[in-house]
Structure formats: C-alpha cells, structure tokens
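In what follows, a single structure is set out as structure tokens and then discussed.
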Amino acid sequence: MSAWLRDETPLSPAQSDTDERRTDRADLFRFLRDRDEGRHHSAHVTAAGADWLASAAAYPRSTLALWEARPTAPAVLPCGTVFDVVNVDTIFGRRMLDRLWSEGPGTGPVAVHRGRMLLFASPGTAQRLSSLLHWVGDPPTKSGGEWGTPVPPPLCHGTGDAVTIPPLTPLEPAGPRWVVAPDTRHPWLPGPEVMLWACVRAVRAVRAASAADVRVSIFPPADQDAKVYDVSRRR
C-alpha cells in the first residue's frame, strides 16, 4: 500500500437524484453557507455535506427539513448504502488519524460521539474489514498475532446498522462533534484495505509506546521476603 489511488475508492452511490433535488434545496441550509465566512470549516458541516448525509436516510427531504429546523440536534442514519462506519476508541482513533493524514491518503468524514470515534468509510467496508482484522489478528479477540490484546478491536457498522451522528452545528465542544465534517456532495471515503493499514499502523504505535515505558535492568528483582542483616558492626 505504498501508492494511494483515491479515484479507485468507491464513492457514495446516491448520485442520480442530485439534479432533481437541487432546485428545491437552492436556499436550504443558507445558514450553513453564510455563517463564519472566512474561518476554518473543517469541523462544520456545509450545505453540500448535509445533503450527502441526508441521502443515507430513507426520506432525505424530511431529514433535511428536520435539520433546518433543529440544526443542533443529533440524528440517526443507516449504514450500508451511502457509507459504512468504523467505530473505535477515541485515543486509538487519534493514532489512526495521525497515520492516515501523515503517511496515508487522508480520511473521509470523522466524528466523535460518547468517547468513540466514527470514521466514515465506503459501503462494504464493514464486512470486509471485519474479515481482514480477524485474519490479521489471528483472531483479534485472542493474544498474539498482529492485532493482540492491548487495543480493543474496532466495531464495524454496515448494512442493517445505524449510527448516531453529531449535530450540524454542535452546542458545546465537549459533546458530539465533527472532527472532519462532510463538506461535499460526494466525499472521498477510504475502503477496507486503507482502514486495515491504519489499524495495523496504530497498533504498532501503541506497542512501541508500551515497550518504551518498560525499563530493563541487569539485576534480578528484589526478594521482598529476604532477611536483612546489619553488618556495620562486623570486626
């Protein structure tokens, strides 16, 4: 995986209805486009990003209308058609993001919710990644292998699952929020191979950090039950 080809990663399949809904939504979410102009928007959902998220719902127009009325409310969206989600511990997720951004192809949308990090991936990733992690970890629930026990295995959400996403405009920094908010109608999404690569690299980083904390001594550990004699008065 030394070369990353973004164009070969599957995109969201919900594209055919874009023109049909464009006129009806010309002014929808105007506040998303106009607020905080000139500032960094990586953690703020754009109007196009909201449209992409809503395309995963059974009734996209109703979902958009609800968000327009309540932009600070979280929502529940199904996985499997527009996106899958890889759900990991927040600290471990940060390590994955470090690898994806510094050494890999980057990420799609990323959110934080209740101490977990949600990495949005291409549809089909959940099933494939679960199989790959099982194979690499031999299996991930047991000790040994590439995966090991220091890090809990990710939760993969695909067809038949649903996830809670943060609100379009978060109320407070400590609550559910977007780390990388969707900002386009057709965002690039990593596939199972990219997610596996990031998981393995993050696991290796955790192990390296743990090994660095272990101090090696040439002396055997002290015997707590050994008797101590006062030899200061020996003649």
Side-chain angles (χ1 to χ4, degrees), residues 6-33 41-88 93 97 100 106-114 116-130 154-170 175-192 194-195:
R6 288 174 178 261
D7 294 339
E8 295 182 1
T9 304
L11 295 175
S12 166
Q15 301 180 12
S16 60
D17 57 348
T18 303
D19 295 334
E20 176 184 338
R21 295 178 293 183
R22 184 174 298 159
T23 303
D24 295 338
R25 298 175 186 173
D27 296 324
L28 198 58
F29 296 122
R30 183 185 299 274
F31 67 94
L32 289 177
R33 296 192 298 269
H41 291 279
S42 63
H44 295 279
V45 180
T46 64
D51 193 65
W52 173 72
L53 287 170
S55 68
Y59 303 99
R61 292 188 180 184
S62 298
T63 301
L64 285 170
L66 177 62
W67 285 345
E68 186 178 24
R70 301 177 58 192
T72 59
V76 177
L77 294 177
C79 304
T81 55
V82 175
F83 54 76
D84 282 1
V85 170
V86 179
N87 181 338
V88 297
L97 293 188
L100 286 167
T107 68
V110 180
V112 174
H113 181 70
R114 292 185 177 180
R116 304 288 295 183
M117 184 169 287
L118 309 178
L119 293 89
F120 287 68
S122 60
T125 295
Q127 181 177 2
R128 179 61 177 159
L129 181 60
S130 297
L155 303 176
C156 300
H157 306 294
T159 303
D161 299 326
V163 294
T164 300
I165 64 168
L168 302 184
T169 55
R177 67 190 185 280
W178 291 98
V179 178
V180 181
D183 59 357
T184 177
R185 186 60 178 78
H186 306 297
W188 177 81
L189 299 173
V194 173
M195 300 304 293

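No hydrogens, no waters, no symmetry mates; every other heavy atom, side chains included, goes into these values.
Between Leu53 and Trp178, the shortest heavy-atom distance links the atoms CD1-CZ2, 3.8 Å. Of all heavy-atom pairs between Pro123 and Thr81, the closest is CG-O, 3.3 Å. Residues Leu118 and Thr164 share a closest heavy-atom pair of CD1-O, 3.6 Å. In this structure, Val112 and Pro166 approach most closely via the heavy-atom pair O-CG, 4.1 Å. Between Leu64 and Ala50 the shortest heavy-atom distance is CD2-O, 3.8 Å. Of all heavy-atom pairs spanning Gly158 and Cys79, the tightest one is O-CB, 3.4 Å.
Taking 4.5 Å as the limit, every side-chain heavy atom of Cys156 sits out of range of all side-chain heavy atoms of Asp84. Within the 4.5 Å cutoff, the side chain of Leu100 has heavy atoms near those of the Leu119 side chain. Residues Leu189 and Pro109 meet the side-chain proximity criterion, which asks for heavy atoms closer than 4.5 Å.
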* Go through the steps to decide whether Leu129 and Val86 satisfy the test side-chain contact (heavy atoms from CB on, under 4.5 Å), and finish with yes or no. => CA-CA 9 Å; Leu129 181 60; Val86 179; 3.7 Å; yes
* Asked: Does the pair Leu155 and Arg116 meet the rule for a side-chain contact (heavy atoms from CB on, under 4.5 Å), with working shown?
  -> CA-CA 10 Å; Leu155 303 176; Arg116 304 288 295 183; 3.9 Å; yes
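Rounding to the nearest 0.5 Å places CZ of Arg185 at 11.0 Å from OG1 of Thr46. Between atom CH2 of residue Trp52 and atom CG of residue Asp183 there is a gap of 10.5 Å, rounded to the nearest 0.5 Å. The structure places OG1 of Thr125 at 13.0 Å from NE2 of His157, a figure rounded to the nearest 0.5 Å. Note that the OG atom of Ser122 and the CZ atom of Arg128 stand 12.0 Å from one another [nearest 0.5 Å]. With rounding to the nearest 0.5 Å, the separation of CE in Met117 from CG in Leu97 is 4.5 Å. Here CG of Leu77 is found 7.5 Å from CZ of Phe120. Values are rounded to the nearest 0.5 Å.
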